[in-house]
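Scope of the values below: all heavy atoms of this structure, side chains included, with no hydrogens, waters or symmetry mates. Small disclaimer: the values here were computed from a predicted structure and weren't measured. All residue numbers refer to positions in the sequence shown, counting from 1. Just follow the structure's listing: the first ligand is 1, and inside any ligand the first atom is 1.
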Amino acid sequence: MADTALMSIPGQIDPVTVPRDITPREDGRVDLIGLPKKRIAELFESAGLDAKAAKLRAKQVFHWLYHRGVTDFEAMTDIAKTMRPWLAERFVIGRPEIVLAQHSSDGTRKWLLKTADDHEFEMVFIPDADRGTLCVSSQVGCTLNCRFCHTGTMRLVRNLTPGEIVGQVMLARDALGEWPKGSMAGLDEDEDEGGYSFDGRLLTNIVMMGMGEPLYNFDNVRDALKLVMDGDGLALSKRRITLSTSGVVPMMAKCGEEIGVNLAVSLHAVSKDVRDEIVPINRKYGLEELLQACADYPGASNARRITFEYVMLKDKNDSDEHARELVRLIKHYKLPAKVNLIPFNPWPGALYECSTPERIRRFSEIVFDAGISAPVRTPRGRDIDAACGQLKTAAKKMSRAELDRLAEEKQAALG
Ligand code: SAH
Ligand code: SF4
């Protein structure tokens, strides 16, 4: 299989990814995006500044990068004019490249992005009345093969770097015009805040629900989210960030402890046989283990519930019995939970159909009647094929031969 050059696959179900190295920049400059303040100071120091100056410059540069969103050292007005070319010779302020930007009639926006070494991935923005949610990718492709997921049909190319992950948030702020305006120099914090132009705070929430399994790229996702949460940086509260996992049980407690964001779990089934089929990582980490890890998730409470994602697949996981079993499991493990019912978003070649609206409504009622919130997520951006987790390049249509090859690979992997 072509993938073996990119990653080792000790078992079919739980491949451990060995990400391909990132191609270094040809010009030798270092991209500052994705680096913590301390690392920026170290780089400044090894480039010749004394320790104190390096620390001060790092603080200033960090603020311009993450608080102001500047992409040019020349815009850093409180840094000496002579210092700016010094920075520009050694460092860059990267953003993922936009290959394609789409705007749905319902306000949903989707971007096809490209890494510096030419790998495409996607990001989606979903505006609602009271919030704006950015759906962020963690990997190019995915090693897991959830059967209803389009990303699952792609090979894992590589993990995204912290810079490429936080870069999505920055790019969204660029596109939405959400960076504070005006000059920072000489303003105190209050005045500074007044310079914000949030347009009603478009981007308020982040979900790690784009391409990839975030807990298989833990360190980079953690480092990126730390930058997103940094009060001197993008300053988004951990309460407004949700990480979605297909159920990488051994990483869940670490996620709560080291990142502390809200947890969503792609449950999708309540019995071993169905979950084994549609979410194959279940063959490695079963339902009991998964639900116990949810019960133990640091920080989960009635105020901060765990979200169970449940994709509605016709005649597969959508019966009254399934709904009742879902309720039983949530109660049995005493989980502070809410359920998100997601109408299946079909894609060419998918093996499943979406449940009927009546079936979904009934399923939702049963769960609601047991006192557990179970809203049906309205499909968004259907005209631009934008459902999170179903992120697929519309621009680069796969050849028939490639699709056939992937179907074969998938079949082989599933046994
Ligand atoms: N890998 C992580 C996060 C990305 S997937 C995970 O699996 O949780 C984000 C969500 O989109 C998951 O709940 C996934 O099951 C769901 N999803 C994937 N394909 C879908 C489709 N075709 N229709 C509806 N939801 C889908
Ligand atoms: Fe990967 Fe999540 Fe899709 Fe499963 S649902 S294949 S884990 S992206």
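- In Glu309, the part holding a heavy atom less than 4.0 Å from any atom of ligand 1 is the side chain.
- Using a 4.0 Å cut-off between charged side-chain N and carboxylate O, Asp318 and Lys314 make no salt bridge.
- Numbered from 1 in the order shown, with element, the atoms of ligand 1 that lie under 4.0 Å from a heavy atom of His268 read 13 (O), 14 (C), 15 (O).
- With Gly212, Ser137, Ser244, Cys135 as candidates, the residue nearest to atom 1 (N) of ligand 1 on a non-hydrogen basis is Gly212.
- Within the 3.5 Å criterion, the main-chain N or O of Glu42 finds a donor-acceptor partner in the side chain of Ser46.
- Cation-pi geometry between Arg173 and Trp179 is met: under 6.0 angstrom from the ring centre, within 45 degrees of the axis.
- In this structure, Glu309 and Ser244 have side chains that are in contact, with non-hydrogen atoms separated by less than 4.5 Å.
- Each of the following atoms of ligand 2 lies closer than 4.0 Å to a heavy atom of Ser246: 7 (S).
- Ser137 places a side-chain N or O within 3.5 Å of a backbone atom of Glu122 that can act as its donor or acceptor partner.
- Within the 4.0 Å heavy-atom criterion, the part of Trp347 lying near ligand 1 is the side chain and not the backbone.
- By the criterion of a heavy-atom distance under 4.0 Å, neither the backbone nor the side chain of Met211 is placed next to ligand 1.
- Between Arg158 and Glu164 there is a salt bridge, with a side-chain nitrogen of the basic residue lying less than 4.0 Å from a carboxylate oxygen of the acidic one.
- When the heavy-atom distances from atom 12 (C) of ligand 1 to Ser266, Pro343, Ser246 are ranked, the shortest goes to Ser266.
- Proximity of Ile342 to ligand 1, defined as any heavy-atom pair under 4.0 Å, is confined to the side chain (atoms from C-beta onward).
- Shown in contact with Cys149 at under 4.0 Å from a heavy atom are these atoms of ligand 1, numbered in order with element: 18 (C), 19 (N).
- Close approach to Cys146 involves these atoms of ligand 2, each under 4.0 Å from a residue heavy atom: 4 (Fe), 5 (S), 6 (S), 7 (S).
- One finds no salt bridge joining Lys254 and Glu257 here, because no Lys/Arg side-chain nitrogen approaches an Asp/Glu carboxylate oxygen to under 4.0 Å.
- Residues passing the ring pair (Phe, Tyr, Trp, His ring centres under 6.0 Å) test with Tyr333: none are found, sequence neighbours excluded.
- Put simply, Cys142 gets within reach of atom 1 (Fe) of ligand 2, with an N, O or S atom under 2.8 Å from it.
- In the vicinity of Leu144, heavy-atom distances shorter than 4.0 Å reach the ligand 2 atoms 6 (S), 7 (S).
- Residue contact annotation: Cys149 places an N/O/S atom under 2.8 Å from atom 3 (Fe) of ligand 2.
- Taking a cut-off of under 4.0 Å to the non-hydrogen atoms of Thr245, the atoms of ligand 1 that pass are 6 (C), 8 (O).
- With Asp232 as reference, Lys37 is the one residue of Lys59, Arg68, Lys226, Lys37 to meet the salt bridge (Lys or Arg N to Asp or Glu O under 4.0 Å) rule.
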